[in-house]
Amino acid sequence: MLWYQIREYRDADYSAVRTLYSTGFREHAETVYLLALKQPWTQAVLCGIFLLIYVLSGSFLTCIIGVGGVMLAGRVAVQYIFEQGIQLGLSEDLLDIRTSYMQTGSRSCFWVAELKGSIVGTVGILPCVEEPGAWELKRISVKREFRGRGLAKALCKTALEFVARHDVKRVVLFTSMVQTDAHKLYDSIGFKKEKEFVWPSLPARLINFMVFKYAHSRTGGFMSC
Ligand SMILES: CC(C)(COP(=O)(O)OP(=O)(O)OC[C@H]1O[C@@H](n2cnc3c(N)ncnc32)[C@H](O)[C@@H]1OP(=O)(O)O)[C@@H](O)C(=O)NCCC(=O)NCCS
């Protein structure tokens, strides 16, 4: 049994919240790299490089080193793109969490799960920029060692109960194809996948990186569980 407490964000949580977000985001880089390697064009390029080096050098060892080097460069490139994504998140709502989520009278809020003085989970909710009239659940993250024990579900429940009290009728969220644990969480709290699209950037298009929009519409309460 985990004795954690879910409470509203305080300024002292700032660094811990940003670190938890960055760590949770970063852990999907490996999966995205594997996705890139699975693309037929990636495999064709690697084969082409292998053949080219073989024609130029006549050495299998040089081919393996060359292809290995290109694959390593690809891994570094994926990590770089992830770090850019993290910086983007940190420079948006997480730059000034109090102003983004905790204004008096606003229908936004940010919560943390605290366990023995440490922040082990987060969630926020605020009006959705992409869909006026809907609210967006954001920054759901749980420290790896405390996963699978219902923490994320409890955090989302807190956020959904909050907006239900403020007469919000529709909550949406955006996630990506690689965040498979999150999909199970969203299914389990009554969200339905409504839309999927390729993220509009060149690297995302190259690897067919899909983003999913989930939605939950209130009829009574949000949580049936
Ligand atoms: C997604 C995440 C927040 C889930 O946190 P969690 O505390 O482990 O989730 P919970 O324990 O509350 O589980 C909620 C539901 O999802 C299911 N679930 C969560 N992780 C699962 C997994 N790895 N395998 C199977 N089911 C899983 C649980 O079974 C549970 O459903 P149930 O109550 O019907 O059994 C966590 O994995 C995480 O922080 N990931 C990294 C950051 C991230 O990707 N965030 C999502 C941003 S869109």
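All values reported here derive from a predicted model rather than from experimental measurement. Numbering of ligands and ligand atoms starts at 1, following listing order.
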Top protein contact for [atom], by heavy-atom distance:
atom	result
atom 37 (O) of ligand 1	Arg147 CD, 3.3 Å
atom 34 (O) of ligand 1	Ser188 CB, 3.6 Å
atom 12 (O) of ligand 1	Lys153 N, 2.9 Å
atom 17 (C) of ligand 1	Lys184 CB, 3.8 Å
atom 44 (O) of ligand 1	His28 NE2, 3.0 Å
atom 14 (C) of ligand 1	Leu185 CD1, 3.4 Å
atom 9 (O) of ligand 1	Ala152 CB, 3.5 Å

Return the option from [options] holding the heavy atom at the smallest distance from [atom].
atom	options	answer
atom 19 (C) of ligand 1	Leu155, Asp181, Leu137	Asp181
atom 42 (C) of ligand 1	Gly121, Ser141, Gly150	Ser141
atom 45 (N) of ligand 1	Leu173, Asp187, Ile140	Ile140

Partners of Asp93 by side chain to side chain donor-acceptor pair (under 3.5 Å), sequence neighbours excluded?
-> Tyr101, Arg139
Describe, in one word, how the ring planes of Phe212 and His183 are oriented to each other, choosing from parallel (under 30°), tilted (30 to 60°) and perpendicular (over 60°).
-> tilted
Based purely on interatomic distance, does [X] place a nitrogen or oxygen under 3.5 Å from a nitrogen or oxygen of ligand 1?
X	result
Val142	yes
Gly148	yes
Tyr186	no
Glu27	no
Phe174	no

Glu196, Glu131, Glu136 screened by salt bridge (charged side-chain N to carboxylate O under 4.0 Å, His left out) with Lys213, the one that passes =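 The passing option is Glu131.
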Check: Phe82 ring centre within less than 6.0 Å of Phe25 ring centre = yes
Going by the atom numbers of ligand 1, which of them fall below 4.0 Å from some non-hydrogen atom of Ala182?
->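 Once the distances to Ala182 are compared, the set is 1 (C), 46 (C).
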Within a distance under 4.0 Å of any heavy atom of Thr175, pick out the atoms of ligand 1 and give their elements.
-> 48 (S)
Under a 4.0 Å N-O cut-off, is there an ion pair linking Asp13 with Arg18?
-> no
Give a yes or no on whether a salt bridge exists between Arg144 and Glu27, defined as a side-chain N under 4.0 angstrom from a carboxylate O.
-> yes
Would you compute the distance between atom [atom1] of [X] and atom [atom2] of [Y] and round it to the nearest 0.5 angstrom?
X	Y	atom1	atom2	value
Ile6	Leu151	CD1	CG	6.5 Å
Asp167	Arg107	CG	CZ	7.0 Å
Leu94	Thr122	CG	OG1	8.0 Å

Under 4.0 Å, heavy atoms only, figure out whether ligand 1 is touched by the backbone of Gln179, its side chain, both or neither.
->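 The answer is the side chain of Gln179.
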Return each pair, listed once, that meets side-chain hydrogen bond (donor to acceptor under 3.5 Å, both in side chains) where at least one residue sits in residues 29-50; pairs must be two or more places apart or across chains.
-> Glu30-Arg75
Heavy-atom distance from atom 23 (N) of ligand 1 to the protein below 4.0 Å?
->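 Given the 4.0 Å limit, the answer for atom 23 (N) of ligand 1 is yes, a protein heavy atom qualifies.
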Is the Lys NZ or Arg CZ of Lys193 less than 6.0 Å from the centre of Phe191's six-membered ring, within 45° of the axis?
-> no
Distance-only side-chain donor-acceptor flag, Glu83 / Gln79, under 3.5 Å = yes
